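Keep in mind that what you see is a predicted model, and the values were worked out from it rather than measured. First listed ligand is number 1; within each ligand, the first listed atom is number 1.
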Amino acid sequence: MSKKYKIAVVNGDGIGNEIVPAGVSVLKAIADKYKFELETENFSWGAGHYLKHGIFMPEDGMETIKQFDAIYFGAVGLPEVDDTLPAKDYTFRVRTDLEQYVNYRPVKLFAGLESPLRDKTSKDIDFVIIRENNEGEFVQSGKTFYPDQAHGFATDTSVFTRFGIERIAHYSFQLARKRRSKVTNVTKSNTLINSLAYWDRVIEEVSKEYPDVAFNKMYIDNASASFVLKPEVFDVIITTNLFGDILSDLGGAIMGSLGLGGSGNINPEKDFPSMFEPIHGSAPDIAGQDIANPIGQIWSAAIMLEHLGEVEAANNIMEAIDKSTSAGVLTVDLGGSASTSDVADAVIKNL
Ligand code: NAI
Ligand code: MG
């Protein structure tokens with residue numbers, strides 16, 4: 001009997017409506033090849049849904065997606081909708097309600113692509129950002145007081161719990177064991193002397209349980225420079241929600257385009273479905289033109305299949321992307337002229 005996976009597909013907004021269908025076409029092809037079944041159901045949630053219905057997803061939306069094995073997602077946000085809502089009402093909500101506390105964001109150079117970093121090759125650019133995905137700076141606990149007054153002020157409180165830090169640390173060290181056995185804690189504890197000093201302390205405690213894994217600490221300012229000057233020093237980066245968000249875009253940039261980055265919002269215990277999405281947003285500036293790069297979305301499909309246990313299929317997708325990039329089937333962000341669907345078709349042909 002072939003295995004069957006139920007996938008909730010959420011295009012979201014903007015280029016999500018182009019790159020998610022491209023990714024789904026690759027998923028259908030790989031399922032055929034590896035003889036497993038993918039049952040997909042589409043949910044038209046996001047800022048577009050909000051414009052029509054005043055809400056990003058129906059009241060029972062969270063209950064609905066809990067029934068699936070995974071969520072395959074594009075991005076949410078539209079210029080005409082208050083941009084404080086997409087994360088609060090969709091992305092962070094799914095990530096926290098479904099305890100997807102790991103944001104797994106790999107960075108590597110695809111075959112045939114040159115990094116904007118002169119002289120850096122695929123040997124130098126190959127690491128993973130593990131972003132803490134449930135707490136930290138993005139818990140959205142704060143308030144704006146007297147906004148129109150001269151004495152107006154606003155707060156956002158970061159939250160770092162021992163439980164939250166320990167679990168992301170264990171995940172990072174265990175991942176490092178499967179890679180090149182090195183963990184770098186990207187922090188700023190020299191100035192955030194309470195929250196991030198505690199973050200460091202708990203990670204250091206956990207590191208003692210992994211004496212075989214090299215462990216070091218680097219401040220976020222230095223880490224940003226090192227992404228550009230010496231990315232080869234990184235293997236697994238463990239960092240906070242905000243820092244991981246920013247560093248992921250820098251990671252996308254050194255790969256050659258934001259459109260290349262894939263990711264997983266992962267609940268490692270599989271108590272809840274995990275969600276797989278590219279690292280970027282809905283890119284309204286290029287939406288509707290069939291020019292968005294779908295590779296980050298397709299990579300996210302591979303990460304999803306790996307999480308579901310279809311490792312060979314996942315590897316096959318990665319090889320097919322490499323073949324397509326080395327053959328020069330590239331969208332405009334990479335200096336090519338291929339359309340979104342041209343790239344998806346090339347990947348399917350190369351499976
Ligand atoms: P963005 O990531 O959407 O776009 C930044 C730049 O990268 C733009 O110039 C865009 O054209 C380009 N880009 C992004 N993805 C691309 C792709 N696949 N191919 C080619 N070029 C690509 O970030 P921005 O402009 O800051 O945000 C736009 C909207 O997306 C906002 O509403 C924001 O809130 C939302 N957003 C949503 C996220 C999510 O749903 N997880 C994550 C980040 C932003
Ligand atoms: Mg981001």
Side-chain angles (χ1 to χ4, degrees), residues 10-23 43 45-51 56-57 71-96 100 103-105 107 110 113 116 129 131-133 136-138 140 239-265 274-301 321 325 329-344 347:
V10 181
N11 290 2
D13 306 298
I15 60 168
N17 291 304
E18 299 155 54
I19 57 178
V20 175
F43 297 94
W45 299 345
H49 189 277
Y50 174 85
L51 284 176
F56 269 67
M57 64 166 95
I71 303 150
Y72 190 57
F73 169 51
V76 282
L78 284 175
E80 56 270 42
V81 171
D82 173 2
D83 216 26
T84 63
L85 298 178
K88 177 170 79 65
D89 288 350
Y90 180 77
T91 324
F92 290 177
R93 196 166 162 211
V94 176
R95 290 173 183 173
T96 51
Q100 298 163 348
N103 196 341
Y104 172 88
R105 297 189 146 187
V107 177
F110 284 100
L113 294 189
I129 300 167
R131 162 185 175 188
E132 200 293 317
N133 213 27
E137 307 87 345
F138 287 169
Q140 305 198 317
T239 195
T240 69
N241 211 334
L242 169 68
F243 293 167
D245 184 15
I246 299 168
L247 285 179
S248 325
D249 275 30
L250 193 50
I254 65 173
M255 288 191 259
S257 168
L258 266 189
L260 293 171
S263 84
N265 302 278
S274 295
M275 177 166 73
F276 301 84
E277 58 171 314
I279 61 164
H280 56 75
S282 55
D285 54 336
I286 58 163
Q289 301 173 47
D290 196 25
I291 58 169
N293 191 336
I295 290 180
Q297 187 76 53
I298 296 170
W299 191 357
S300 305
I321 297 175
T325 51
V329 187
L330 306 173
T331 42
V332 283
D333 52 311
L334 294 172
S337 58
S339 69
T340 305
S341 35
D342 289 339
V343 174
V347 172

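No more than 12 heavy atoms of other residues, nucleotides or ligands shown are found within 6.0 angstrom of OH on Tyr50.
Checked by distance only, ligand 1 and Pro86 stay at 3.5 Å or farther apart across all their nitrogen or oxygen atoms. At least one N or O atom of Gly281 sits closer than 3.5 Å to an N or O atom of ligand 1. Close N/O approach between Ser282 and ligand 1 is found [any backbone or side-chain N/O within under 3.5 Å]. Between Val76 and ligand 1, at least one N/O pair is under 3.5 Å apart.
Of the protein's heavy atoms, at least one falls inside 4.0 Å of atom 11 (O) of ligand 1. Counting protein heavy atoms under 4.0 angstrom from atom 24 (P) of ligand 1 gives zero. In this structure, atom 18 (N) of ligand 1 has protein heavy atoms in its sub-4.0 angstrom surroundings.
Remark: ligand 1 atoms within the under-4.0 Å shell around heavy atoms of Phe73 are 40 (O). Atom numbering of ligand 1 starts at 1 in the shown order; those under 4.0 Å from a heavy atom of Asp83 are 31 (C), 32 (O), 33 (C), 34 (O). Close approach of ligand 1 to Gly77 (heavy-atom distance below 4.0 Å) involves ligand atoms 32 (O).
The side-chain heavy atoms of Ser263 and Tyr104, taken from C-beta on, include no pair separated by under 4.5 Å.
Without hydrogens or angle criteria, Asn265 side chain to Met275 main chain gives a donor-acceptor distance under 3.5 Å.
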Practice task
Walk me through it: do Thr240 and Glu137 pass the test side chain to side chain donor-acceptor pair (under 3.5 Å)?
Solution key: CA-CA 8 Å; Thr240 69; Glu137 307 87 345; 2.7 Å; yes
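When all heavy atoms of Gln297 and Tyr72 are compared, the closest pair comes out as O-OH, 2.6 Å. Closest approach of Trp299 to Leu260, counting heavy atoms only: CE3-O, 3.1 Å. Summarising the geometry of Gly74 relative to Pro278, their closest heavy-atom pair is O-CD, 3.6 Å, with the distance given to 0.1 Å. Smallest separation of non-hydrogen atoms from Thr91 and Val76: OG1-CG2, 3.5 Å. The two residues Thr340 and Thr331 have their closest heavy-atom pair at N-CG2, 4.4 Å. Across all non-hydrogen atoms, the minimal contact from Leu78 to Gly48 is CD1-N, 3.7 Å.
Scanning the protein heavy atoms around atom 3 (O) of ligand 1, the nearest turns out to be Ala283 N, 2.8 Å. For atom 22 (C) of ligand 1, the nearest protein heavy atom (residue, atom name, distance) is Ile286 CD1, 3.9 Å. Looking from atom 9 (O) of ligand 1 to the surrounding protein, the closest heavy atom is Asp285 OD2, 2.8 Å.
Contact check on Arg105 versus Glu277 returns no salt bridge, with no Lys/Arg side-chain nitrogen under 4.0 Å from an Asp/Glu carboxylate oxygen.
Counting heavy atoms under 4.0 Å from ligand 1, residue Ile15 touches it through the side chain alone. At a heavy-atom distance under 4.0 Å, atoms from both the backbone and the side chain of Asn293 approach ligand 1. Of all the heavy atoms of Pro284, the ones lying under 4.0 Å from any atom of ligand 1 belong exclusively to the side chain. Here Glu277 has side-chain heavy atoms under 4.0 Å from ligand 1, and that is the only part of it that gets that close.
With Asp333, Leu258, Ile295, Ile279 as candidates, the residue nearest to atom 6 (C) of ligand 1 on a non-hydrogen basis is Leu258.
With 3.5 Å as the limit, one finds no donor-acceptor pair spanning the side chains of Asp13 and Ser282.
In Asp245, the N, O or S atom that comes nearest to the Mg ion (ligand 2) is OD1.
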